[in-house]
Amino acid sequence: MDYQAVLSEVWDAVRPVVGQGRVATYIPALAAVDPRRFGMALATVEGDVYGVGDWREPFSIQSISKVFTLALALARDGDALWRRVGKEPSGNPFNSLVQLEYEQGIPRNPFINAGALVITDRLQRLTGDARGTLRDFLRAESGNPSVDFDPVIAASEADHGHRNRALAHFMASYGNMEGAVPEVLEHYFWQCSLAMSCADLARACGFLARHGQRADGSRLLTRSQAKQVNAVMLTCGTYDAAGEFAYRVGLPGKSGVGGGIIAVIPNRCGLCVWSPGLDARGNSVAGVEALDRFTTLTGLSIF
Ligand code: DON
């Protein structure tokens, strides 16, 4: 398949919606990004990378980081991890507090903020440096040693992180935080601030297309664990829009409020699209449209 031609066709088709939606403003440093940016990249399991638009431009990965912290914690902890976090769609916004009380401090899944905080807490306990472990992993998988945190974004989120603080303390009250809440939050804010391009992220999710095998051929996850991470992405990766995303795109995917979305085609490639204008549920308008076009055009979905 001529991936470069397909990406160009997708880019042409989505031009009218690029710029639609609203850039995230609850983290002030994200509000400054131009909503008319658009990039898309595809990295094959063999290591070839194709891209269009702003595909080499780093952006704030935000919640996309949650996929990688989940994989890193699951690799070390195995099934024990699921005692502290569920794997069901929440049907609620990513930062919602309501379900946590009904469900005794056990978050519905690892991709809503509460669940991601539990995973970061666990990764911190397992490694002693959750954010550093994540950054090193992403540098290795993307093949880009300059992948790094954006301290301005991290500080901006820390200054406005009342909801995440509330979630973490609430879970601590149920005994579902091992470490000190401020330390867990610090690592979480920094992990979300990582800046990566579509090319970096398309490569970095390759291990999920290779059933758990890393870029260097070593294994992070068992085949079964890679299936589990992909399944949770499909059902929970876009929060209360996961049903619509599965319906339109038909791939495991994970969005972030920076406007990025990664998606995985098992055995074939990792994909990443970035455009900062978000819909009401926090997913990139042009990003979802581009992935919808891509799978419709190519017939490449998991279904
Ligand atoms: O916790 C937060 O609010 C952000 N750092 C990440 C949220 C996010 O990207 C949600 N995704 N759509």
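For the single chain, residues carry numbers from 1 onward in sequence order. Atoms within each ligand, like the ligands themselves, are counted from 1 in listed order.
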Based purely on interatomic distance, does [X] place a nitrogen or oxygen under 3.5 Å from a nitrogen or oxygen of ligand 1?
| X | result |
| --- | --- |
| Asn283 | no |
| Asn113 | yes |
| Val257 | yes |

Cationic tip of Arg37 within the cone over Phe59's six-membered ring, i.e. under 6.0 Å and within 45° of the normal?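 Judged by the rule (NZ or CZ under 6.0 Å from the ring centre, within 45° of its axis), Arg37 is not positioned above Phe59.
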Tell me the protein heavy atom at minimum distance from [atom], and give that distance in Å.
| atom | value |
| --- | --- |
| atom 3 (O) of ligand 1 | Tyr26 OH, 2.6 Å |
| atom 7 (C) of ligand 1 | Ser63 OG, 3.0 Å |
| atom 1 (O) of ligand 1 | Tyr188 OH, 2.5 Å |
| atom 2 (C) of ligand 1 | Glu157 OE2, 3.0 Å |

Under 4.5 Å between any side-chain heavy atoms of Val6 and Leu42, yes or no?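 Val6 vs Leu42: side chains apart.
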Report yes or no: does Asn164 have a heavy atom closer than 4.0 Å to ligand 1?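 Yes.
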For [X], counting its heavy atoms only, list the atoms of ligand 1 lying under 4.0 Å from any of them.
| X | value |
| --- | --- |
| Gly256 | 9 (O), 11 (N), 12 (N) |
| Gly282 | 12 (N) |
| Cys192 | 5 (N) |

Is the backbone N or O of Met233 less than 3.5 Å from a side-chain atom of Lys254, with the two atoms forming a donor-acceptor pair by type?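 A pair under 3.5 Å: no.
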Leu123 backbone acceptor or donor facing Thr127 side chain under 3.5 Å: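 Present.
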About how many Å separate CG of Leu134 and NE2 of His187, when rounded to the nearest 0.5 Å?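 His187 atom NE2 to Leu134 atom CG measures 11.0 Å (nearest 0.5 Å).
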From Leu271 CG over to Thr295 OG1, what is the distance, rounded to the nearest 0.5 angstrom?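 Reported to 0.5 Å precision, the distance equals 9.5 Å.
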Using a heavy-atom cut-off of under 4.0 Å, does the side chain or the backbone of Tyr239 touch ligand 1, or both, or neither?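 Side chain only.
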Modelled atom types, side-chain donor and acceptor of Ser197 and Asp200, under 3.5 Å: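 Indeed, the side chains of Ser197 and Asp200 share at least one donor-acceptor pair under 3.5 Å.
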Distance alone, cut at 3.5 Å: any donor-acceptor contact between the side chains of Tyr188 and Asn113?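 A pair is found: one side chain offers a donor N or O, the other an acceptor, under 3.5 Å apart.
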